2 protein chains.
Amino acid sequence: MPRRAEPPARRATVRDVAARAGVSPGTVSKALNGTGQISRATRDRILAAAQEIDFRPNALARSVFERRSYTVGLITTDSFERFSVPVMLGAEDALGAGKISVFMCDSRDDPIREKHYVDVLLGRRVDGFIVTGRIFNEREPLDVSPGVPVVYALTPSSDPGDCSIVVDDAAAGRVAGEHLIRLGRRRIGHITGSAWFDPARRRAAGLAEALGAAGLEVAGDPLYGDWTEAWGRQATHILLRSCPEVDAIYCGSDILARGVGDSLRELGRRVPEDVALIGTDNWEFIAGGARPPLTSVDLGLSTVGRLAARRLLEAIGGNSRAGKEYVPCHLVVRGSTDDLPPASTGSAS
Amino acid sequence: MPRRAEPPARRATVRDVAARAGVSPGTVSKALNGTGQISRATRDRILAAAQEIDFRPNALARSVFERRSYTVGLITTDSFERFSVPVMLGAEDALGAGKISVFMCDSRDDPIREKHYVDVLLGRRVDGFIVTGRIFNEREPLDVSPGVPVVYALTPSSDPGDCSIVVDDAAAGRVAGEHLIRLGRRRIGHITGSAWFDPARRRAAGLAEALGAAGLEVAGDPLYGDWTEAWGRQATHILLRSCPEVDAIYCGSDILARGVGDSLRELGRRVPEDVALIGTDNWEFIAGGARPPLTSVDLGLSTVGRLAARRLLEAIGGNSRAGKEYVPCHLVVRGSTDDLPPASTGSAS
DNA sequence: GTGAAAGCGCTAACAG
DNA sequence: CTGTTAGCGCTTTCAC
């Protein structure tokens, strides 16, 4: 027979400890927090008493008094997909170290749900918010009163007065391009996802910039499509038809690169000997499992999370910054690019 | 110049609302919570006043009084990898509906960190815990006093008196086997990950059971290895050498199945015509992107999370259950298995 | 050094 | 119906 909900067991309080140690509650508080002056003897007695009855100070009560909860809300719009997970882990890691606990909220990109979460958490007196989501275009600012600290991670706020930590997509394209040029590649193509996606365009621009600096252009123009393996395969055929002498391809994602790699092999091109291949995301399961393993641009997502956490702590402390801050990316070299020059094309003029 | 940390802005209190509405704090409380008797006029006046000064009841203060915080701790041991993310989303979804907020904790499989999180959250007076992690063998129970509700999701507790919600791995193997038999396949192989992994052995046993019911055995015995594409490729060669007439393969993960599919194609076997292929996890990016798209067993991870949340709420309400509860799995059919009989082997004796 | 008292913001019990 | 009082658990003056 189901038992009825009983009031939760009463837990040990300061008063209990005080009684056990034969002192007053105020003294217990001092002993536990190291504030004020206390004789070593009573302090030890109090600590022992606390230990014995497994006393655990009620953080809620303390927060009522302090007007601060040492908690923050972490709101994601994309159900903690693969982009926001590293961010959130980075953030949680950085905040946990600072004795701050994190409330997890999945708004599923629904403004109603988001508003609801914000209301509830404001009621819980969170010290601030981190807002994240898939890498995407700007988003509307969170609907909170001006005093509440908010940091945007990955998805920048459309208000330039807000603090946003973002990925440096242009650098991703540059890094990939520079690496390929250093390897001696000259005919470098680019296959990526949707042109409506700001990051896709920025990566393409970064690549074009790196190639431009070496007097090159993107071979066959960037090919925009969607973020699927199927498009990667299809785009490879398109690219090789329009530009058969291509000797390297930079892809806007690892998934795309997988499709590209498969098609290259089927078309009789060897990776990396004939065509070097670089992906984006550095998603271990995808990049590491490829054949050959895929060189990829790591966007530094967990750094984004960690930095967002740091900025939030600063803002809570009264030092807020405005504007976008770009996290550097870096190349993780695997087998799909190598240090050998490409199969000699003879044009070493 | 950095401003000094100021005390957080004082927010509107019940007293403020009371003053504005010209009533006493107690009356405001009644109006806001719908308790007691109140005249419609004053109630409206109070609500209006609350609205005007953007009053938001302090949940912390309320919790001190109620001895209950309407929060729970969600502890994961595996950094919210792809197994625990769906679980956590399911749990968060189910709990959020019940006005409960969720603290996110990544213990990284470190007992020290875990203990730390538990201590902090106990201090915050969480109503209970959900413990999750990668699908794995049993784990030690969480170190909390007996009164605290805990539900284990995915990773069962080694104490049979605890409440654990787990995946039905044996059923996964059975479902895959039965589907293949229904398609007329008779030489069914199994490629999977580590034999130290309970789920791997249970899936193999489930497959064997389904085959046994049809008078069959696993072709070439289950091949244990690791959870990588590389092993999938390698194991395919081993399997085809020892058992060339194999006409279906069930894989312990989608990643493995990707490797298997690639090797099959290279060895000249068509999927699904010559060899039908089933994976496990139903991970959209992997299964959906394969060529042909991969039929896969969905383990029902988000259901695990949702159910764990429900059981936790029950336990908090005073009705706890003991023992393991299995969540059903289901097959998601894609192109790597089809409804056609296998290429006629002539042995329709 | 230590204790008594007041208060954080909210709610329940009891008067009026 | 509404106001007053007391108290949740903790902390911080301020006397002693």
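Values below: every heavy atom of this structure, side chains too, minus hydrogens, waters and symmetry copies. All figures in this text were calculated on a predicted structure; none of them were measured in a lab. Chain letters run A, B, ... following the sequence lines, proteins first, then strands; residues in each count from 1.
Atom-to-atom, CD1 of Ile38(B) to P of dA12(C) comes out at 13 Å; the value is rounded to the nearest Å. Rounding to whole angstrom units, CZ of residue Phe65(A) and C1' of dC10(D) are separated by 8 Å. One can place CZ of Arg124(A) at 15 Å from P of dC10(C), the figure rounded to the nearest angstrom. Between the P atom of dC8(C) and the CZ atom of Arg15(B) lies a distance of 6 Å, rounded to the nearest Å. Rounded to whole angstrom, the span from the CG atom of Asn33(B) across to the C1' atom of dA12(C) amounts to 11 Å. Across the protein-nucleic acid pair, Asp16(A) atom CG and dG9(D) atom P stand 8 Å apart, rounded to whole Å. Atom CG in Leu32(A) sits roughly 15 Å away from atom C1' in dT12(D) (whole-Å rounding). The CZ atom of Arg56(B) sits 17 Å away from the C1' atom of dC10(C) (whole-angstrom rounding).
Residue contacts for Val23(B): at a heavy-atom cut-off of 4.0 Å it reaches the sugar-phosphate backbone alone, with no base atom in range. No engagement by Ser63(A) is indicated, since no non-hydrogen atom pair under 4.0 Å with the nucleic acid exists. At the heavy-atom level, Ser39(B) lies under 4.0 Å from the strands shown only through sugar-phosphate atoms.
For the pair Arg125(A) and dG9(C), the criterion of a side-chain N or O lying under 4.0 Å from OP1 or OP2 is not met. An OP1 or OP2 oxygen of dT2(D) is reached within less than 4.0 angstrom by no side-chain nitrogen or oxygen of Thr27(B). Using a 4.0 Å cut-off, no side-chain N or O of Arg62(A) falls inside it from OP1 or OP2 of dC10(D). For Thr13(A) and dG9(D), the shortest distance from a side-chain N or O to OP1 or OP2 is not below 4.0 Å.
Taking only side-chain atoms of Arg10(A), from C-beta outward, the nucleotide of dC10(C), dG9(D), dC10(D) with the closest atom is dG9(D). For Val14(B), taking side-chain heavy atoms from C-beta onward, the closest of the listed nucleotides dA12(C), dC10(C), dG9(D) is dC10(C).
Side-chain atoms of Ser63(B) and Arg125(B) include no donor-acceptor pair closer than 3.5 Å. A donor and an acceptor atom, one from each side chain of Ser157(B) and Asp159(B), are nowhere located under 3.5 Å apart.
Under a cutoff of 6.0 Å and an axis angle of 45°, Arg67(B) and Phe65(B) do not form a cation-pi pair.
Map Gln37(B) and Ala61(B) each onto its nearest nucleotide of DNA chain D; the residue landing nearer the 5' end is Gln37(B). Nucleotides of DNA chain D nearest to Arg43(B) and Lys30(A) differ in position, and the one nearer the 5' end is that of Arg43(B).
Judged purely by atom type and a 3.5 angstrom limit, Tyr152(A) has no side-chain atom pairing as donor or acceptor with the backbone of Pro141(A).
A salt bridge is absent between Glu325(A) and Arg310(A); no separation between the charged side-chain nitrogens and carboxylate oxygens falls under 4.0 Å.
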